[in-house]
Number of protein chains: 2
Amino acid sequence: MSELDKSTEQVILRAARKVFTLRGFDGARMQQIADEAGINKALLHYYFRSKEKLFDAIFKEVMQLIIPGAVQVLLSDLNFSEKIYGFVEKYLDSLLANPDVPGFVLHELSLHPERLLDNIKGMGVDFNLLVGQIRREIELKHIKPVEPDHFMINLVSLCMFPFLARPVLMGLTGFDHGKFNAFIAERKQEIPRLILQSILP
Amino acid sequence: MSELDKSTEQVILRAARKVFTLRGFDGARMQQIADEAGINKALLHYYFRSKEKLFDAIFKEVMQLIIPGAVQVLLSDLNFSEKIYGFVEKYLDSLLANPDVPGFVLHELSLHPERLLDNIKGMGVDFNLLVGQIRREIELKHIKPVEPDHFMINLVSLCMFPFLARPVLMGLTGFDHGKFNAFIAERKQEIPRLILQSILP
DNA sequence: CAGCACTTTAATTATCCGGTTAAACCGGAT
DNA sequence: ATCCGGTTTAACCGGATAATTAAAGTGCTG
């Protein structure tokens, strides 16, 4: 595999990611991906034999893009407040860099949970480890007793939802691109404040 | 238009809603909708001339299903805490009755914001009215000063997101259908508690 | 009965799209 | 120069699917 190979493959993957995340698997067209990559359909199939194969490739890529980075922070040895601030900051940044990935991923997961959930399992996101962390913090009286399930869902909800609702926000309230980004930036303080004051003793 | 007409039309709309919300516009098949309704494709086109027309019909229906009911509570003359508890309770109930509507709506909105946002505008959801309510409560010192934008987004995020992530929850943690519903029921207390303690003086 | 709205059946058209193929081109490596 | 992997071009295939049509049937109503 030559240098050119790699770069073409990358060009294709970038194009595919754009089209797939924008239109979903069912809405994406191989022709559109080829156009976006500046190549032709034939070459697309030369690299990736089928739409499914191409999709699988970018889905893995995209999952690694949103999940693991921010989780590291939660497993570090910062104190609890710092962890929350750190997580939210990192997570929002990675979502800002890929604003339509969350909607894409959740939509595809809801269409084919069984097939796609394996991708998550096999990538080192250990839900139980996080829950264990929280239980420990409770035992140490660093935080009030909370249901770890609700805590995690609350945290992720508050970070991710604005991206899922972005079209509505931008269409209904006068949000433009810049205003939306500023809004998310504000949430780097807003979310930790909301979460923390509910659980700090 | 006879009684039979109406009931057939209703049968079609119910079938279409099921298939569309489950698979999205691009994933939905007219044949599948006909099967689900227990009729044939020809009759589908007899009532709704095209897939687009049928989609428009159910999209309007579905929007009215999630949006306006719960908002009433916020505009009533309950005190602020009661409003929040009431809103969350009502909203979660209507989402529980239509668990895959949120994902469907947000996905379609992100594909065709311009075309679909009109549906929202023309249905009496006055965002500014809600913001006004919040500002008034602040002036009256019923609640601490908050950004209305963040407040509203926080509230909706916490209610809606679990439904968007339901496939993940049910695939990753051992949630089954009953556990999920119980989890949502818990959130009728969890969400107002979280929200309120951040803004009550 | 006759008319009318609704419904079915079955066949057909037109389009879209994923995938394939063959032939040629190009540039770098052997 | 020759070979070869990457690339282009253009045409094509086959299947899926939305949409249409014609013809007949059903059942209610006036």
Side-chain angles (χ1 to χ4, degrees), chain A residues 1-62 104 107-108 110-112 115-116, chain B residues 1-62 104 107-108 110-112 115-116:
Chain A
M1 184 183 290
S2 72
E3 247 345 273
L4 261 193
D5 256 355
K6 205 172 243 169
S7 91
T8 305
E9 197 171 318
Q10 291 307 318
V11 168
I12 293 178
L13 285 173
R14 284 180 66 90
R17 191 166 97 198
K18 180 169 176 182
V19 176
F20 273 131
T21 56
L22 231 48
R23 326 270 316 186
F25 179 85
D26 289 327
R29 299 288 164 255
M30 293 298 270
Q31 185 60 60
Q32 194 183 349
I33 294 176
D35 293 347
E36 186 73 33
I39 59 167
N40 49 9
K41 259 191 344 179
L43 194 58
L44 217 50
H45 285 88
Y46 179 84
Y47 277 91
F48 300 87
R49 281 222 297 281
S50 71
K51 193 182 182 184
E52 272 79 10
K53 291 238 172 59
L54 183 51
F55 175 83
D56 287 345
I58 76 108
F59 194 80
K60 279 201 185 95
E61 196 186 83
V62 146
F104 166 68
H107 179 245
E108 299 302 334
S110 86
L111 290 183
H112 312 285
R115 200 189 53 169
L116 298 178
Chain B
M1 186 184 286
S2 71
E3 247 344 273
L4 262 192
D5 254 356
K6 204 172 246 171
S7 93
T8 305
E9 199 172 317
Q10 290 307 316
V11 168
I12 293 177
L13 284 173
R14 284 182 64 90
R17 190 166 98 199
K18 179 169 176 182
V19 175
F20 273 131
T21 56
L22 231 48
R23 327 271 315 185
F25 179 86
D26 289 325
R29 299 286 164 257
M30 292 297 269
Q31 184 60 59
Q32 195 184 349
I33 295 175
D35 293 348
E36 185 74 31
I39 59 167
N40 49 9
K41 258 190 346 178
L43 195 57
L44 219 50
H45 284 87
Y46 179 81
Y47 278 92
F48 302 87
R49 280 225 300 280
S50 71
K51 193 183 182 185
E52 271 81 11
K53 292 241 173 56
L54 183 51
F55 175 83
D56 287 346
I58 76 109
F59 195 80
K60 279 200 186 98
E61 196 187 84
V62 147
F104 166 69
H107 179 245
E108 299 301 333
S110 87
L111 290 183
H112 312 285
R115 200 189 53 169
L116 299 178

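Nearest nucleotide to the side chain of B/H45, out of C/dG18, D/dA18, C/dT7: D/dA18. The side chain of A/R29 approaches C/dG18 more closely than any other nucleotide in the set D/dA18, C/dT7, C/dG18. Counting only heavy atoms from C-beta on, B/A42 has its side chain closest to D/dT21 among D/dT21, D/dT7, C/dG18.
One can place CD1 of A/I39 at 8 Å from P of D/dT7, the figure rounded to the nearest angstrom. Between B/K41 atom NZ and D/dA16 atom C1' there is a gap of 10 Å when expressed in whole angstrom units. For the pair B/F20 CZ and D/dA18 P, the computed distance is 9 Å after rounding to whole Å. Per the geometry, OH belonging to A/Y46 stands 16 Å off P belonging to C/dA22, to the nearest Å. Put simply, CG on B/N40 is 5 Å from P on C/dT8, counting in whole angstrom units. What separates CG of B/D26 from P of C/dC17 is a distance of 10 Å, to the nearest Å. To the nearest angstrom, P of C/dG18 lies 14 Å from CZ of A/F55. The CD atom of A/E9 sits 10 Å away from the P atom of D/dT7 (whole-angstrom rounding).
Nucleotide C/dA29 forms a Watson-Crick or G-U wobble pair with D/dT2, both donor-acceptor distances falling under 3.5 Å. In a base pair of the Watson-Crick type (N1 to N3 plus N6-O4 or O6-N4) or a G-U wobble (N1-O2 and O6-N3), with each distance short of 3.5 Å, C/dA24 is matched with D/dT7.
Across all strands shown, B/E52 has heavy atoms under 4.0 Å from sugar-phosphate atoms exclusively, and none from any base. Among the heavy atoms of the strands, none lies under 4.0 Å from A/A34.
Between A/F20 and A/F25, the ring planes lie parallel to each other; the angle is under 30°, not in the 30° to 60° tilted range.
Residues B/Y47 and B/V11 have side chains not in contact (no heavy-atom distance under 4.5 Å, counting atoms from C-beta outward). Using a 4.5 Å cut-off on side-chain heavy atoms (C-beta onward), B/F59 and B/F104 make contact.
Taking for each of B/L43 and A/S50 the nucleotide of DNA chain C with the nearest heavy atom, the 5'-most of the two is the partner of B/L43. Along DNA chain C, the nucleotide nearest A/M30 and the nucleotide nearest B/G38 are compared for position; the residue whose nucleotide lies closer to the 5' end is B/G38.
Among A/R29, A/R23, A/R17, A/K18, the single residue meeting the salt bridge (charged side-chain N to carboxylate O under 4.0 Å, His left out) criterion with A/E36 is A/K18.
Taking CG of B/D56 as the start and CD of B/E52 as the end, the distance is 7.5 Å to the nearest 0.5 Å.
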